[in-house]
Amino acid sequence: MVVDAFKRYGLDAVISPLIECGNHTRRRVTLTASVTQKSYIIGFNRYRSHDIIAIKECPVTRSEILSKLDDIRAICALLTNNAKRFHVTVTVVENGFDVALSGCVVQSEFVRQKMIRVALSCGITRLSVQGEVLIEQEKPVIYFGDVCVEFPIGGFLQATFEAETIMSDIVLTHLKKAKNAADLFAGVGTFTLRMAKKMNVRAIENDGKALANLDQAARVATGLKTVVCEKRDLFRRPLSAKELECFDSVVFDPPRSGAEEQVNELAKTTVARVVAISCNPVTLARDLSLLVTGGYTIEKVIPIDQFLWSPHIEVVATLSKRKTKKSWKF
């Protein structure tokens, strides 16, 4: 998949051997639930279909989540008159489980109280419905390195801890000489807070809640360099080449659609080191081709399979640009 995408955009880069994550490592899953007065079914959608396949086991999902499936079914079964179809996102956090229901509304106080009792009895850390917290026994937290961050409801997290660690190591190795870096599409701080142990970081993210949690974590953590958080839609308002010139390094990890507008600006700069991360090899290859046209050299391309048995793959690419000396003549 990665080789074909790079060939499509005429990129001459050596693709490193695939790094595979193991079975039962996925720490975040989104289930689909269909509930009627007569029955209910909870599981995954059939490939390219709205049909739901009920599951009892899953070879990619962490055992902690699988052990909670019966409890999650019990909670969903209570929503007979509240929704016909909705989603349940279950995330393993440092101190338990975050369970977020979306696409449904709990109008009955009786049903609400029953859901709370079930959640309390099975040790769910936080249960929310459409963004409203029903119970929160304690703030769900995650760690990026040794920095503790409150996990936002339904927040984004790399699919596996193993892949997150590998990607972070690649970022830190490539940016080992950096002093001032930008982390674009920073989320809740997956890379920002690790980078801040070694360099000043400006974290830019459009999700206000994720950014607020990142900012709070950076403020109370010890041993960090300066972390500045900025809420900004990088699709509508990318950092200009002039704004980027104050950084010696840039990391970007955009959604599947890529970061074409932002990359066009980055390509005009003299930023020395760049790390590009994506779960879509095609849009990554497109973005990298723009950087190469702008004078960047691709150093490494590392595919990481954290989406076992699916048509998706994570890719990390490291790039560098040599500054042109004014005395050079062509």
Side-chain angles (χ1 to χ4, degrees), residues 21-45 52-144 148-162 164 188 209-210 213 306 308:
C21 295
N23 298 347
H24 296 293
T25 56
R26 191 175 179 107
R27 58 181 171 178
R28 182 175 182 268
V29 298
T30 298
L31 305 169
T32 302
S34 177
V35 182
T36 67
Q37 290 186 336
K38 294 183 179 180
S39 65
Y40 65 91
I41 183 171
I42 299 162
F44 293 120
N45 285 353
I52 303 172
I53 307 298
I55 62 165
K56 293 184 179 179
E57 59 182 6
C58 177
V60 302
T61 303
R62 282 177 59 161
S63 59
E64 299 99 306
I65 294 178
L66 298 178
S67 71
K68 292 294 176 186
L69 286 180
D70 287 342
D71 298 319
I72 291 167
R73 292 188 189 98
I75 291 171
C76 293
L78 297 170
L79 296 177
T80 302
N81 297 313
N82 292 265
K84 292 183 178 180
R85 190 182 184 96
F86 56 94
H87 292 104
V88 185
T89 300
V90 186
T91 307
V92 177
V93 291
E94 190 71 23
N95 51 345
F97 301 88
D98 181 56
V99 179
L101 280 61
S102 58
C104 59
V105 178
V106 183
Q107 297 175 332
S108 165
E109 185 59 29
F110 175 73
V111 171
R112 185 189 303 264
Q113 291 302 319
K114 289 190 73 173
M115 292 175 68
I116 290 172
R117 285 196 293 272
V118 173
L120 287 172
S121 67
C122 63
I124 290 174
T125 308
R126 179 174 63 195
L127 173 66
S128 62
V129 178
Q130 206 65 23
E132 176 193 356
V133 175
L134 296 192
I135 67 156
E136 189 174 73
Q137 303 198 61
E138 55 184 313
K139 297 290 185 184
V141 297
I142 48 178
Y143 277 88
F144 298 131
C148 182
V149 186
E150 181 185 340
F151 184 66
I153 294 174
F156 174 79
L157 201 59
Q158 293 294 338
T160 75
F161 174 76
E162 292 77 6
E164 177 189 290
V188 77
K209 182 58 178 174
N213 289 9
Q306 64 169 333
L308 298 180

- Message: Is there a side-chain contact between Asn23 and Val60 in this structure, where contact means two heavy atoms from C-beta onward sitting under 4.5 Å apart?
- Response: no
- Any side-chain heavy atom of Val90 sitting closer than 4.5 Å to one from Leu69? no
- Those residues that, when tested against Glu164, pass salt bridge (charged side-chain N to carboxylate O under 4.0 Å, His left out) (two or more places apart): Arg27, Arg194
- Taking only residues two or more places apart in sequence or in another chain, which ones pass salt bridge (charged side-chain N to carboxylate O under 4.0 Å, His left out) with Arg73? Asp70
Could I get the full list of side-chain hydrogen bond (donor to acceptor under 3.5 Å, both in side chains) partners for [X], not counting sequence neighbours?
X: Glu150; result: none
X: Thr61; result: none
X: Arg112; result: Glu109, Glu132
X: Arg62; result: Glu64

- Query: Is the number of heavy atoms from other residues, nucleotides or ligands under 6.0 Å of Phe44 CZ greater than 12?
  - Reply: yes
How far does [atom1] of [X] sit from [atom2] of [Y], to the nearest 0.5 angstrom?
X: Leu134; Y: Ile124; atom1: CG; atom2: CD1; answer: 10.5 Å
X: Phe86; Y: Ile42; atom1: CZ; atom2: CD1; answer: 6.5 Å
X: Leu308; Y: His24; atom1: CG; atom2: NE2; answer: 10.5 Å

Looking at [X] and [Y], what are the two nearest heavy atoms and their distance?
X: Lys209; Y: Pro152; result: CG-CB, 3.8 Å
X: Phe156; Y: Phe151; result: O-CE1, 4.1 Å
X: Cys76; Y: Val88; result: SG-CG2, 3.6 Å
X: Met115; Y: Val129; result: CE-CG2, 4.0 Å
X: Thr32; Y: Asn45; result: OG1-OD1, 3.2 Å
X: Cys21; Y: Thr160; result: SG-OG1, 3.6 Å

For [X], enumerate each residue passing the side-chain contact (heavy atoms from CB on, under 4.5 Å) test, keeping only those at least two apart in sequence or located in another chain.
X: Ile41; result: Ser34, Ile52, Ala54
X: Ser102; result: His87, Gln130
X: Tyr143; result: Glu94, Cys148
X: Ile135; result: Ile116, Ala119, Leu120, Leu127, Gln137

- Which of these passes side-chain contact (heavy atoms from CB on, under 4.5 Å) with Leu101: Leu79, Thr89, Val106? Leu79
- Main-chain N/O of Val93 paired to Thr91 side chain as donor or acceptor, under 3.5 Å: no
- State whether the side chain of Lys114 and the backbone N or O of Ile75 hold a donor-acceptor pair below 3.5 Å, judged by distance alone. no
- Message: Show, in sequence, the C-alpha distance, side-chain angles and deciding distance for Val149 and Val141, and conclude whether the side chain to side chain contact (heavy atoms under 4.5 Å, CB included) test is met.
- Response: CA-CA 5 Å; Val149 186; Val141 297; over 6 Å; no
- Exercise: do Gln306 and Glu162 side chains pair donor with acceptor under 3.5 Å: no
- Task: Output every pair passing side-chain hydrogen bond (donor to acceptor under 3.5 Å, both in side chains) with a member in residues 119-129, not counting sequence neighbours, ordered by first then second residue.
- Result: Asp98-Arg126, Arg126-Glu136
